[in-house]
Amino acid sequence: MSQVLALKYRPSTFDKLIGQETITQTLTHALDQDRLSHAYLFSGLRGSGKTSTARIFAKALICDNGPSAKPCEICENCKLANENRHIDIIEMDAASSRKIDDIRNLIEQTKYKPNMARFKIFIIDEVHMLTKEAFNALLKTLEEPPSYVKFILATTDPMKLPATILSRTQHFRFKKIQTSEVVKHLAHILNLENIDFEKEALSMLSRAGNGSLRDTLTLLDQAIIFSKKYVDAKSVASMLGILDPELLDNIINAILKNDRESVINFIKELENYESEIVIDELIAFVKERFFAGDVRFSTLLSDRFFRILSESKSLLYLNADSGFVLTLLFFKMMEATKIKEIDIMIEELESKITLKSQTIAKVIEEKIEQAPIEEEVKTEEKSIDYGHTFEQLITKLYDRNYALGECFKNSVTYVSFKDSALTLSSAASGECVDTLRHSSGVIRHFIHELFGLETKLKMLKSEIKEEPSHANETSSSMIEEQEFQKPQEEACSTNSCIEKQVVGEESKEIDRGNILEDPFVKKAGELFEPSKIIVKSKV
């Protein structure tokens with residue numbers, strides 16, 4: 001008659017235990033050095049080897065050649081222990097025998113010496129299920145048992161044990177068995193059973209077992225039957241109701257390619273699966289591909305995928321719509337890949353800027369070493385269309401003051417900009433003369449802002465047919481009073497510069513030429529170098 005794999009391949013010695021090296025090493029040294037305690041507590045996940053370790057330890061204690069970490073397996077005590085029918089090894093299930101009367105019967109048995117072995121060993125499984133009264137009854141015996149009595153307690157929840165029990169035992173914590181260890185053990189069993197398999201299928205079974213070797217072996221039994229003695233990934237995925245690795249790979253490829261249509265089709269296909277299983281499988285797939293060095297999964301992208309998957313899993317715990325959670329999940333992952341492209345673009349842009357800076361620096365060094373470059377700069381200045389800059393000047397004046405902008409646009413025209421000298425033609429008259437005069441500071445500010453701080457202004461006269469000839473003189477003198485440039489650059493006549501500053505009709509009769517020729521006025525001009533001389537009438 002066939003036997004289930006979990007029982008058939010149950011370990012019978014310490015060296016056959018899987019994934020609990022620390023515990024086996026400690027117990028082995030205790031046996032070899034004869035440093036034994038009267039009570040032990042084994043705690044950990046189900047299927048992690050607690051009961052198997054307790055039985056191996058009990059056999060090692062009663063072996064004729066023992067206590068020894070390597071029982072002989074041939075003496076009567078070892079044979080009976082392997083067959084689980086040794087009279088001095090008493091196993092008790094606390095889940096079904098949890099009351100104080102059951103513990104009283106156990107305590108009564110401790111009064112009698114072992115029948116054929118050197119120790120009488122009590123293995124109490126699921127000890128946390130005992131009642132409070134039962135624990136209290138066991139406490140005194142557990143603290144000071146007879147020298148020939150050994151207690152081995154096993155539990156999946158040590159936090160439910162009273163502190164008084166924990167303090168009277170040596171506590172061994174069984175850890176979760178690593179997936180790689182489980183896969184290796186499954187492959188070993190299938191080779192002994194002469195059954196072909198795919199390694200990916202064993203990884204899927206191991207993940208489904210969640211660190212419990214017994215649960216994983218039970219699933220392996222089921223997979224052998226379902227797949228007709230060929231354990232492949234597709235069959236295991238179908239049996240467990242999880243995603244085929246090939247399907248997972250196709251989903252990830254569609255996400256990385258930002259193939260929206262394919263992703264939507266996959267979402268519809270995944271409606272037949274539980275959303276939590278889909279997310280768990282995606283996490284496992286990303287993790288596996290990352291450790292495998294898949295070039296598609298950089299550290300940054302893997303981190304973003306994991307964050308998105310974790311957040312989506314937490315939404316399921318809030319009873320959110322599972323189908324919509326999956327939809328958001330896939331589209332968030334697609335957005336994450338776009339962010340990755342932006343990062344790459346930023347890196348490329350930084351490298352280009354660095355390269356360009358180096359190139360510019362090199363060109364400047366070459367130009368400095370070579371002879372004068374003024375002609376080239378002048379050529380560049382000539383090639384630039386400053387008419388557009390003049391339009392910007394008009395726009396800024398409009399923004400500051402509409403009336404000012406209107407006067408400037410209708411009265412002043414652009415001629416040229418060469419060698420940092422801006423040449424304009426003016427035909428201002430009437431109220432525009434005063435408007436432009438009072439706003440000279442604003443105009444100068446915007447000219448320096450647009451054309452450069454070193455810009456000098458040259459004004460040309462512009463005749464208007466509708467106005468009398470003296471209008472040109474008025475316009476010219478108005479612009480000269482704006483002080484856009486130094487006196488050396490102005491082409492203003494002495495009479496016209498002075499005329500516009502004189503108030504009243506009587507001042508026109510003064511001989512202004514004589515005043516300027518006065519020695520005192522000439523000496524003052526030489527000392528102070530005034531930019532302008534204004535002659536006003538005495539009121």
Side-chain angles (χ1 to χ4, degrees), residues 6-7 10 12 23 27 30-31 36-44 46-64 66-67 71 75-174 214:
L7 296 178
R10 191 164 198 163
S12 58
I23 293 173
L27 294 177
L31 289 166
L36 302 173
S37 176
H38 59 275
Y40 296 86
L41 174 63
F42 296 162
S43 67
R46 68 181 190 280
S48 57
K50 300 184 297 297
T51 305
S52 296
T53 304
R55 290 177 178 176
I56 296 170
F57 189 55
K59 181 175 65 174
L61 287 171
I62 63 173
C63 176
D64 289 346
C75 68
E76 191 66 22
N77 286 325
C78 288
K79 288 179 180 179
L80 292 174
N82 287 332
E83 295 171 3
N84 294 327
R85 58 187 185 91
H86 199 290
I87 194 171
D88 292 325
I89 300 177
I90 300 108
E91 291 193 29
M92 173 183 169
D93 181 15
S96 57
S97 304
R98 59 192 299 266
K99 297 182 179 179
I100 188 172
D101 292 335
D102 300 311
I103 296 300
R104 283 173 179 167
N105 292 332
L106 183 147
I107 295 172
E108 188 67 24
Q109 295 183 54
T110 63
K111 297 178 181 179
Y112 305 101
K113 291 187 177 182
N115 292 301
M116 51 186 299
R118 67 174 60 87
F119 294 113
K120 181 172 278 191
I121 302 168
F122 294 90
I123 300 175
I124 307 177
D125 203 4
E126 300 300 334
V127 68
H128 65 276
M129 299 294 287
L130 292 176
T131 63
K132 181 180 179 181
E133 293 76 10
F135 274 125
N136 291 334
L138 178 62
L139 186 59
K140 189 61 177 177
T141 304
L142 189 65
E143 183 178 9
E144 295 180 0
S147 60
Y148 51 81
V149 172
K150 300 293 181 185
F151 284 100
I152 303 176
L153 313 180
T155 179
T156 55
D157 193 355
M159 300 305 294
K160 291 184 178 180
L161 271 65
T164 51
I165 296 293
L166 293 172
S167 65
R168 287 162 173 79
T169 60
Q170 283 192 12
H171 191 178
F172 292 84
R173 296 170 178 83
F174 285 67
R214 183 179 61 243

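Note that this is a predicted model, so its numbers are computed, not measured.
- For the residue pair A94 and I124, the shortest heavy atom distance occurs at CB-CG2, 4.0 Å.
- The side chain to side chain contact (heavy atoms under 4.5 Å, CB included) test applied to R104 returns I100, D101, not counting sequence neighbours.
- In this view, K79 satisfies the salt bridge (Lys or Arg N to Asp or Glu O under 4.0 Å) rule with no residue, not counting sequence neighbours.
- For N115, the side chain to side chain contact (heavy atoms under 4.5 Å, CB included) partners at least two apart in sequence or on another chain are I87, D88.
- For R214, there are no side chain to side chain donor-acceptor pair (under 3.5 Å) partners at least two apart in sequence or on another chain.
- Listed by chain and residue number, nothing satisfies the salt bridge (Lys or Arg N to Asp or Glu O under 4.0 Å) test with R98 (two or more places apart in sequence, or in another chain).
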Legend entry - Residue pair L27, I23: steps toward the side-chain contact (heavy atoms from CB on, under 4.5 Å) verdict: CA-CA 6 Å; L27 294 177; I23 293 173; 4.0 Å; yes
Inset, instruction - Show the numbers, then the answer: is there a salt bridge (Lys or Arg N to Asp or Glu O under 4.0 Å) between K160 and D157? - result: CA-CA 6 Å; K160 291 184 178 180; D157 193 355; 3.7 Å; yes
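- Listed by chain and number, the residues in a ring-ring contact (aromatic ring centres under 6.0 Å, His included) with F57 are Y40 (sequence neighbours excluded).
- Contacts classified as salt bridge (Lys or Arg N to Asp or Glu O under 4.0 Å) and involving residues 47-56 (residues at least two apart or in different chains) are given here: R55-E91.
- Sorted by first and then second residue, the pairs that involve residues 134-143 and meet side chain to side chain donor-acceptor pair (under 3.5 Å), not counting sequence neighbours, are E143-R168.
- Pairs passing the ring-ring contact (aromatic ring centres under 6.0 Å, His included) check and including a residue from residues 112-151, sequence neighbours excluded, read F122-F151.
- For the pair K59/N77, no side-chain contact is recorded, criterion being any heavy-atom separation below 4.5 Å from C-beta on.
- The side chain to side chain contact (heavy atoms under 4.5 Å, CB included) search around S43 returns T155, P158, H171, R173, not counting sequence neighbours.
- Between the side chains of R46 and T156, no donor-acceptor pair of N or O atoms lies under 3.5 Å.
- By the side chain to side chain contact (heavy atoms under 4.5 Å, CB included) test, S96 pairs with D93, sequence neighbours left out.
- At distances below 3.5 Å, at least one donor-acceptor pair connects side-chain atoms of T169 with backbone N or O atoms of L166.
- The ring-ring contact (aromatic ring centres under 6.0 Å, His included) pairs that include a residue from residues 75-102 number zero, where partners must be two or more places apart or lie in different chains.
- Proximity of a side-chain donor or acceptor of K150 to a complementary backbone N or O of S37 within less than 3.5 Å is detected.
- Between I90 and I121 the shortest side-chain heavy-atom distance does not fall below 4.5 Å.
- Using modelled atom types, one side-chain atom of S167 and one backbone atom of A163 make a donor-acceptor pair closer than 3.5 Å.
- Side-chain contact between I103 and M92: present, with at least one pair of heavy atoms (C-beta onward) separated by less than 4.5 Å.
- Between L153 and F42, the closest side-chain pair of non-hydrogen atoms is not below 4.5 Å.
- Side-chain contact between I89 and N84 is absent, with no heavy-atom pair separated by less than 4.5 Å.
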